[in-house]
Every structure is written in structure tokens, then in C-alpha cells.
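Chain letters run A, B, ... following the sequence lines, proteins first, then strands; residues in each count from 1.
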Amino acid sequence: MVGITSFGAYVPRYRLNRMIIFGSMGWLNPVIITNARGEKAVANFDEDAITMAVAAGMDCLRGIDRSGIDAVYFASTTAPYKERQNANIVAGALGAGEQIRTADFSASLKAGTTALLSALEFAAANPGSKAVVCAADCRLGKMASTQEMVFGDGGGAVAVGDGDVIAEYKGCYSVSYDFVDHLRGANTKYDRMWEERWIRDLGYQSFIPEAVNGLCAKYGLSPTDFDKVVYPCYYGGARKKINAMFGEDPAKVQDDMLATVGDTGAAHPLLMLAAALETAQPGQKILLVSFGSGCDAMWFEATDAVSKMQDGRGASRWLARRADLDNYQKYLVWRGMAPPELGLRGEVDKETRWSLVWRDRKSILGLWGGKCKACGAQQWPAKRMCVNPDCGAIDQFEPVYLADKGGTIFSYTGDMLAASLNPPAVYGTVSFNGGGRTVLDFTDCTVEDLAVGNAVEFSFRIKFYDPKRDITNYFWKAIPAVEEVK
Amino acid sequence: MAEGIRDKVVILGMGCTKFGERWDKSGGDLLVDALTEALEDAGIEKKDLQAAWLGVHIDEINIGKGGTYASNAMHLPFIPVSRLDNFCASGTEAFRGAAYGVASGAYDIALAIGVEKLKDTGYGGLPDSPAFGQEMVMVGPNATAPGMFAQLATAYAAKHKIPMERVKEAMTHVSWKSHQNGAKNPRAHLRKAVTKEQIMGAPMVAYPLGLFDCCGVSDGSAAAIVCTPEVFKKLKPNQPMVKVKALQIAVSSGEEAAYDKWDGASIMTTRAASKRAYEEAGIKDPRKEISMMEVHDCFSITELCTMEDLWISPDGGAPDDILNGFFDLDGQIPCQPDGGLKCFGHPIGASGIRMIFEMYNQLLGRWPEDRAVKNPKFGLTHNLGGVPNNNVCSIAIFGVD
């Protein structure tokens with residue numbers, strides 16, 4: 001049996017109330033008030049599609065051995081690299097091995113589900129294999145646009161394989177059209193859309209039913225047979241009409257998270273799927289449909305094992321970990337929509353030396369450290385010689401993946417002198433659980449949130465961006481430990 | 001068996017420029033000023049210098065690499081000029097090079113000179129640079145010196161269970177005292193006495209360090225000419241001799257940054273170097289025997305922790321000593337009688353030699369009454385370069401005969 005073996009989600013901590021956008025930009029385009037309900041999740045200044053995909057992947061892979069992963073697929077329409085495979089960065093951060101298959105899925109909002117289908121087919125074709133799909137998007141609408149109101153940032157992840165399946169994959173049906181509702185050229189930053197009535201009526205309201213009906217016809221099902229229905233559509237009226245085809249019970253249709261997160265693009269079907277799997281019951285039939293240049297429709301049946309993965313992973317704890325982003329200007333700066341003055345210190349040129357990055361890729365991407373075989377001391381970085389002054393053994397390290405180990409705060413500060421898009425720059429010394437320590441940037445917190453001895457987790461983030469060469473560099477930062485939601 | 005260099009090297013002459021924002025002077029101009037004053041004080045000519053050691057740290061701006069810029073600026077006559085960079089210990093390292101050159105018998109007279117031209121950076125603080133290697137560019141925190149040293153304070157308060165308010169109060173006294181002393185010193189960068197209220201109320205730079213907890217970033221140069229006691233007696237018969245009693249350097253092993261033993265509230269290099277220095281100088285009880293100190297108060301918290309790391313204050317006891325006035329100009333061990341890095345300023349490569357300049361002049365009784373240390377016997381200087389978890393410490397001790 002091939003199917004889903006785990007799921008994960010990620011929603012960035014900062015949420016922008018849509019009335020703040022309207023309050024700032026309503027003068028230019030008053031009609032955005034019609035989308036001004038609720039809040040949208042906004043990626044922190046050090047987050048992008050890669051970091052959010054990794055965060056969702058880390059959530060999905062909690063407690064799962066990384067050495068068994070055979071494929072890592074990344075889906076996004078806002079990947080930072082055109083050449084340099086984004087999926088390899090994600091795979092490295094997740095601690096997967098290097099003798100694996102990786103691929104980027106892009107250019108359509110159905111890229112996330114297409115990646116999932118490819119992963120399921122990969123698992124079916126390679127018995128005993130495991131694949132993980134990580135999707136995230138961080139799309140931008142221009143100031144005062146509908147897109148700015150509707151889009152949110154976030155990620156979703158799904159692990160698939162043929163062992164410990166929590167939702168069996170039953171089949172799929174796809175439609176593909178060059179239907180240009182939204183568009184970004186290769187060199188374009190902001191989304192452009194065609195008339196909304198056309199998108200709503202000819203797009204969502206016709207393609208989604210077409211894909212669902214096609215799937216049902218193929219597998220001898222009726223749309224009303226599904227117990228959980230997951231599909232994105234941010235038009236309330238269209239959503240009501242489409243919902244009607246699934247029967248009387250509105251609860252079976254998964255909340256579109258528009259009021260809490262916003263439309264997370266290629267990640268949205270997987271983010272909603274993660275939320276659905278958090279409460280799925282054994283035997284329930286789950287329908288997943290995407291929308292963008294057509295639709296992928298697929299269905300799953302939850303197994304008895306589903307409760308094993310209902311252990312806190314998924315969207316809920318990220319949704320609960322929220323903080324208000326209380327001003328629109330901060331959002332503009334974080335998302336690169338307005339140029340801030342960082343001072344001359346912020347202009348310092350930092351080159352990326354790729355041969356160095358290659359040598360250190362395990363310790364940079366996966367926070368791999370080492371445990372000394374001679375004395376047992378865990379340490380990061382694991383260079384050649386053991387750091388224990390009473391040991392000093394050379395080349396005796398057992399690699400240890402530290403990214404999911406967490407740690408505690410040893411010392412910390414908030415620095416107003418360092419150039420930062422979220423001053424003060426918070427950083428401190430972190431003791432790794434299991435031994436060793438290092439100084440890390442902290443993020444998603446203020447100095448007031450910290451105390452010596454507090455627990456932290458690690459989060460893969462943008463380390464620095466080199467605007468001269470268009471290079472985004474990544475490394476791990478510490479975040480206050482995320483509380484479980486029961 | 002190595003016996004150190006106690007009493008083998010003496011100071012023949014010294015010079016030190018005014019530190020500060022020397023917009024009108026280049027690094028070379030400052031070198032010439034420091035050298036000229038040192039030569040006059042020594043009573044010798046440039047041609048008598050047989051070798052020179054140059055202390056300088058920052059590459060990104062400043063005077064470039066190697067010894068050529070300095071040698072060109074001072075037109076030194078084809079003698080060895082060795083550039084030494086060891087973070088903020090660079091000046092003392094240069095002094096150590098010259099002292100060892102003389103002690104070894106290789107030279108009769110040698111020059112140690114330090115310089116730093118920092119105010120061409122264009123912004124406050126030290127220039128951002130890959131000071132800890134290219135790997136750290138990829139993985140190191142977005143940190144500055146104040147933020148790295150600020151962590152000493154959070155770890156210190158946590159380790160000794162002293163409320164941060166008390167630590168901050170002691171830190172405030174440290175800066176207040178240095179401003180009191182610096183105000184009296186015509187060569188100092190910052191010459192204004194400030195109130196404790198001003199210090200406490202200043203904007204935060206890196207929690208819990210406010211603006212007045214951080215030292216000045218300055219341009220400046222300082223020079224020392226050293227020789228053997230025999231040469232000194234020939235050149236300056238019957239004059240008091242300031243002798244080198246100890247010179248020690250300790251460099252982090254990497255253990256503080258990555259291993260689990262360091263307490264985060266002390267500096268391991270300072271503890272190691274000062275122990276060795278006291279042994280070299282024959283000092284048994286530094287709290288009783290040291291007369292005065294110039295320590296590396298890059299930040300007030302550094303000075304606070306250093307009082308314990310130099311084995312002067314008991315662990316956890318520095319705030320009490322500080323607040324009791326133990327280190328004030330009229331206290332038992334005046335610390336920073338010249339204003340310290342805080343007020344005299346901190347042109348990195350010159351700072352170590354500037355501290356020696358203060359000890360030298362105090363030991364010779366050359367300063368006016370209002371800032372003279374009474375009957376000093378041993379003077380100690382201390383530099384700490386780098387950051388608390390990865391640094392270089394230098395200790396020098398001087399006495400007068």
C-alpha cells in the first residue's frame with residue numbers, strides 16, 4: 001500500500017490584520033475592503049519559500065529517520081534560484097542523504113500537488129522507498145492590490161512511502177489548461193491577474209468540478225462519498241457553489257485558512273491537507289484538489305495508523321504561535337517592497353565562496369555536528385580535532401544531525417548596532433541538547449522573550465542576502481521552543 | 001628552564017598622540033607624532049633604532065598590510081619592521097616583540113609602535129570584517145562587539161545570581177569612574193565627566209549595555225623604545241628605570257566557543273595569562289601588591305569581569321569592590337587612571353602601548369597631582385582582543401627602580 005506516511009505544516013509567526021493594509025492603502029484602491037477580513041501570515045525578514053518549505057518538512061519529519069529518505073521534492077512559484085536546485089538546499093536542511101532524487105516543481109499553483117503525485121508514483125515504482133514533498137510560497141501583490149490582501153505566506157509538507165501509511169493513495173485525475181488567471185514573468189516580482197469574475201466563473205467554478213467529476217467517474221465514486229474535502233478557492237461565492245456538490249455537511253469541507261493565513265499558492269493544498277489530516281479518522285475518504293493552470297485531483301483513505309501521527313504536527317501549533325505585525329511599513333520592508341536605510345554598516349559586501357560552502361555543506365545546511373568516538377563529546381562544528389581539552393582526538397567524529405535536537409539559552413543579547421531588518425539583532429550562545437554550544441542568531445522573538453536556560457528550537461533561515469550577486473545564503477537560527485497545541 | 005624576561009628589559013622612552021577623531025591626520029601622521037615624542041623622551045635618534053615591531057589590527061581600512069606603510073611613513077632606515085596583529089592585544093604584542101628582541105640579545109634598542117586609523121570607516125563601531133575566518137561569514141551571528149560582550153553580562157548575572165540591576169549599577173560605576181579620570185587627561189578622546197543618571201539613562205546599544213557602557217572608537221598612535229638595563233644606564237645614568245616585570249599572552253583554544261565547560265561569565269585567557277604574569281613578576285597576592293591597572297574596558301562589563309579574572313576580586317565579588325570605590329583613582333587599586341579605553345579611546349593597535357605609556361609615566365611620577373597614583377610599585381596592563389568566547393589576552397606588568 002502506497003500513501004501518505006506523515007504530514008507537516010508551517011505558518012510564519014507574524015500576522016498582518018488586513019484592516020491595517022486597508023487603513024494604509026485603502027485611499028488608493030477602496031475596493032480592497034471587500035477582502036479585508038481576518039489576517040494574513042507574513043514571512044519574517046529572514047524567511048522565504050525555501051525556509052518555509054524546510055520548516056514544514058521538519059514538522060513532517062519529526063521522529064522520522066532521515067537516512068531512509070530517497071527523494072526530496074520542492075514545490076514553489078517563488079523559489080530564490082533559477083539555477084542551483086532549490087530542492088537540494090531543502091534536502092540538505094532536512095538532513096537527507098545525498099544519494100537521493102531531488103526535483104523542483106514550479107510555475108503553477110498546482111506544483112505542490114503535482115510534486116505529491118510524482119512522489120507517490122516514485123514510491124509506487126520503488127518498493128520500500130520514501131519521499132518527502134515540501135511546498136511553500138511567498139507571493140507578492142503590489143501595494144493596494146487584491147493579491148496583497150489575499151496572499152499569505154506558509155508551507156506544507158507530505159511524506160509518502162509504502163510502510164506505516166496513514167492515508168492510502170487511491171488515485172488521481174488531472175486537467176491542464178493554459179488558463180492565465182495569474183501571471184509572473186521570469187523577471188517579475190509582483191503577481192498580475194486578469195479580471196476576477198472570469199477567474200471565478202471560468203476558472204475555479206468550472207475546473208474544480210470538472211476535475212472532481214473526472215476523478216469520481218474514473219473510480220466509481222460520487223462527490224458526496226468524501227468525508228474530507230480539501231481545495232483552495234478564495235472566492236466565497238464560488239466556494240459555496242463548489243461546496244454544494246459534496247453534500248449537505250459543510251464541516252467536511254476543509255477551512256480555506258483565508259482568514260488566518262491567506263492563500264499560500266503552491267503550498268496551499270498541502271497546508272490545508274495537513275490541517276485535514278490532524279483530525280482525520282480511520283476509514284475516512286479524503287479528496288485533495290489544487291487549482292492553477294488546471295487542477296490535480298486525488299483521493300486518499302485514512303488508515304488505522306493515522307492517529308499515530310496526530311501528535312501535534314500540522315498547522316495548529318503554528319497557527320497558535322502568532323504575533324501581530326502591527327504596522328504595514330514593516331511588512332513592506334521585510335518583503336523587499338520598500339528600501340530601508342540600514343546605515344553604512346549595512347552596505348558591507350559579503351562574498352559567498354562556493355568551494356568553502358561545498359566543503360562545509362553538511363554543517364551549514366543540516367547543522368551536522370559530530371560526536372567524538374574517543375570521548376563522547378558532541379560538538380558543532382565538528383572540525384578535525386575534538387574540542388574536549390582532555391581528548392583532542394583527530395578525525396574521530398560520528399556525524400550528528402543537530403537541526404532537530406534543540407537546545408537551551410546560555411547567554412543572549414539584542415544588538416542595536418548590527419545592521420538588521422528587525423532590530424535589535426537578537427543572538428546568543430545556545431547549548432545543544434546532548435552537548436556542545438555555539439553562538440546563533442535568534443529570530444521570531446524579542447529580547448524580552450528570552451532568559452538564560454530557556455528551551456530553543458532551530459529554524460532554517462536566510463543568513464544573508466547578497467544583492468550584488470543575487471545570492472541567498474541560509475543557516476540555522478534559534479527560536480523560542482514552540483509549544484504543543486493539545 | 002625558561003625564566004621569562006623579568007628585569008631584562010627597560011623602557012627608554014615613550015610617546016603617545018592624543019586619541020580621538022583625528023580627521024586631519026592619517027595613520028602615517030599619527031605614527032610620526034608618536035615616534036617623535038618617544039625619540040625625544042629616550043634622548044636618541046631614529047638611526048639608533050635597530051628593529052621595530054608594529055601593532056595594528058584592522059585591514060579593511062587603516063594602513064594596509066605588512067610593515068611597509070609604517071616604515072615609509074617614518075622613513076625608518078631599512079631596519080626590520082614586523083607587523084603584528086593579534087586583535088586588541090596587537091599593541092602589547094608589538095611591545096612584546098621589541099622586548100624579546102632586546103632580551104634575546106639580538107638588539108640593544110628596539111621600537112614598539114602601534115597605530116590605528118579607524119575614523120575613516122564612515123560609521124560608528126568597528127568595521128564589519130571576516131575577523132574569524134571565511135567560514136564564520138556563512139554561519140556566524142549578525143553580531144557586533146557590544147553584542148558579544150553584552151552576553152558576558154547576561155551570563156554573569158545568571159551564574160552569580162546577582163540581579164541585573166546590581167550588575168548594571170556596578171557597570172555604571174565603572175564608566176562613571178573612567179569619565180572622571182578621562183576628564184583630567186588632555187590626551188584622552190572623551191573628556192567630559194558624566195553623571196550616573198546619564199549613564200543609566202543612555203540608549204541601549206546591546207542589552208544590557210547602553211551607550212556609556214561602550215568605549216570610544218578612535219584614531220591614535222603610541223610608541224615605546226626599549227633597551228637593556230645596561231644600555232639604559234649608559235644613556236640615562238642615575239635616572240629611575242621602568243622595568244618590564246612580566247609579559248604574557250594567552251589565546252583561546254576554541255573550548256569556550258564550542259565545549260560545555262566555560263561559564264560564560266569570565267575570560268579563560270585572562271585567567272591563564274595573569275597567573276603566568278604574576279609568576280613571572282614574582283607577585284604572590286595581586287590584590288595587595290598591584291598598585292594600579294590599565295585594563296581592557298572595551299565595555300564596562302569587560303572591566304567588571306576582568307577584576308575577577310585578574311584574581312583581584314573574588315568570583316562574584318567585583319560589583320561590591322567596584323561600588324565600594326576599590327578601583328577609583330583614590331581607591332586601593334586605581335583602575336584606568338588615564339580614562340581607559342572608555343575615555344582615552346581605542347585605536348586598536350595603539351591601545352596596549354597607550355596603557356604602558358600611562359603606567360610608565362605614573363611609575364616615574366610625571367603626572368600632575370590631580371591624576372597621579374600615590375607611590376606606585378607595580379603597574380599592570382591588560383588587553384583583551386576578540387570576543388569573550390574567542391579571544392587573545394595580553395598582560396604586562398611594570399615596576400620602577
Side-chain angles (χ1 to χ4, degrees), chain A residues 343-348 350-353 356-357 359-360 363-364 367 369 377-381 383 385-389 409-420 424-429 431-432 435-442 447-448 450-453 463-464 473-477, chain B residues 60 121-130 132-159 161 164 203-211 214 253-265 268 301 387-390:
Chain A
L344 297 190
R345 185 178 290 279
E347 293 176 8
V348 172
K350 287 184 185 168
E351 272 212 62
T352 303
R353 302 175 195 284
L356 182 158
V357 172
R359 279 196 303 278
D360 288 356
S363 91
I364 295 172
L367 202 65
Q378 177 179 288
Q379 56 210 272
W380 186 94
K383 300 279 186 186
M385 200 182 282
C386 176
V387 73
N388 174 357
I409 299 173
F410 179 75
S411 62
Y412 65 96
T413 189
D415 185 339
M416 285 304 293
L417 186 61
S420 169
V426 181
Y427 52 90
T429 306
S431 299
F432 293 108
R437 64 167 74 130
T438 198
V439 184
L440 293 173
D441 288 317
F442 282 62
V447 189
E448 292 72 31
L450 307 179
V452 170
K463 182 71 189 159
F464 64 93
N473 277 307
Y474 300 90
F475 187 56
W476 295 84
K477 295 186 179 182
Chain B
E60 287 68 21
T121 311
Y123 52 88
L126 296 177
D128 204 4
S129 70
F132 295 93
Q134 292 295 326
E135 284 101 335
M136 285 299 281
V137 173
M138 307 309 295
V139 300
N142 179 22
T144 65
M148 292 305 286
F149 279 90
Q151 293 178 61
L152 268 182
T154 48
Y156 184 91
K159 185 196 169 181
K161 299 187 172 58
M164 187 55 88
M204 203 56 82
V205 174
Y207 173 83
L209 304 183
L211 185 63
C214 308
S253 70
E255 153 180 358
E256 305 99 301
Y259 196 49
D260 303 305
K261 292 264 173 79
W262 178 50
D263 65 5
M268 291 180 78
I301 187 64
V387 291
N389 72 0
N390 199 5

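Looking at B/Ala158, the atoms closer than 4.5 Å to chain A (heavy atoms on both sides) all sit in the side chain, from C-beta outward. For chain B, the nearby part of A/Lys383 is the side chain; its heavy atoms alone come within less than 4.5 Å. B/Met204 touches chain A through its backbone: at least one of N, CA, C or O sits under 4.5 Å from a heavy atom, while the side chain does not. Only the backbone of B/Leu126 comes within contact range of chain A, with heavy atoms under 4.5 Å apart. Only the side chain of A/Phe464 has a heavy atom closer than 4.5 Å to any heavy atom of chain B. Contacts between A/Ala419 and chain B at a heavy-atom distance below 4.5 Å involve the backbone alone (N, CA, C, O). For A/Asp360, the part lying near chain B is the side chain, with the backbone staying farther off; criterion is any non-hydrogen pair under 4.5 Å. There is no contact between B/Asn390 and chain A, counting heavy-atom distances below 4.5 Å. When heavy atoms are compared at a cutoff of 4.5 Å, A/Ser363 does not approach chain B at all.
Nearest heavy atom pair, residue A/Ser411 against residue B/Gln151, reads OG-OE1, 2.7 Å. Closest approach of B/Lys261 to A/Arg437, counting heavy atoms only: N-NH2, 4.2 Å. Taking each heavy atom of A/Leu344 and B/Tyr123 in turn, the nearest pair found is CB-CD2, 3.4 Å. Looking at every heavy atom in both residues, B/Thr144 comes nearest to A/Arg345 through CG2-NH1, 4.3 Å. Contact detail for A/Leu417 and B/Gly124: the closest heavy-atom pair is CD1-O, 4.4 Å. Heavy-atom minimum distance, B/Ala155 versus A/Phe410: CB-O, 4.2 Å.
Note on A/Val439, A/Val452, A/Ile409: by heavy-atom pairs under 4.5 Å with chain B, the leading option is A/Val439. The candidate from B/Ala157, B/Ala206, B/Ser129 with the greatest count of non-hydrogen atom pairs under 4.5 Å with chain A is B/Ala206. Interface remark: of the candidates B/Gly264, B/Pro127, B/Gly140, B/Gly140 forms the most heavy-atom pairs closer than 4.5 Å to chain A. The residue among A/Arg359, A/Arg353, A/Glu351, A/Gln378 with the most heavy atom pairs within less than 4.5 Å of chain B is A/Arg353. Counting heavy-atom pairs closer than 4.5 Å to chain A, the top-ranked of the candidates B/Leu152, B/Asn142, B/Val205, B/Asn389 is B/Asn142. Each of A/Trp476, A/Trp380, A/Tyr412 has some count of heavy-atom pairs under 4.5 Å with chain B, and the biggest count is that of A/Tyr412. Across A/Leu367, A/Thr352, A/Thr438, A/Thr429, the residue that shares the most heavy-atom pairs under 4.5 angstrom with chain B is A/Thr429. Taking A/Gly453, A/Gly435, A/Ala425 one by one and counting their heavy-atom pairs under 4.5 Å with chain B, the maximum is reached by A/Gly435. Chain A forms the most heavy-atom pairs under 4.5 Å with one residue out of B/Ala143, B/Gly125, B/Ala153, and that residue is B/Ala143.
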For a side chain to side chain contact (heavy atoms under 4.5 Å, CB included) check, start with the C-alpha distance between B/Glu135 and A/Ile364, then their side-chain angles and the critical distance, and finish with the verdict.
CA-CA 9 Å; B/Glu135 284 101 335; A/Ile364 295 172; over 6 Å; no
Begin with the C-alpha distance, continue with both residues' side-chain angles, and end with the deciding distance and a verdict on side chain to side chain contact (heavy atoms under 4.5 Å, CB included) for B/Thr154 and A/Thr413.
CA-CA 8 Å; B/Thr154 48; A/Thr413 189; 5.9 Å; no
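In this structure the side chain of A/Asn388 reaches within 4.5 angstrom of the side chain of B/Tyr259, judged on heavy atoms.
Note that CD of A/Gln379 is 11.5 Å distant from CD of B/Glu255, once rounded to the nearest 0.5 Å.
The only member of A/Asp415, A/Val426, A/Val447, A/Leu450 that meets side-chain contact (heavy atoms from CB on, under 4.5 Å) when paired with B/Tyr207 is A/Val447.
Surrounding CE of A/Met385 are at most 12 heavy atoms belonging to other residues, nucleotides or ligands under 6.0 Å away.
Between the A/Lys477 side chain and the B/Pro141 main chain, no donor and acceptor come within less than 3.5 Å of each other.
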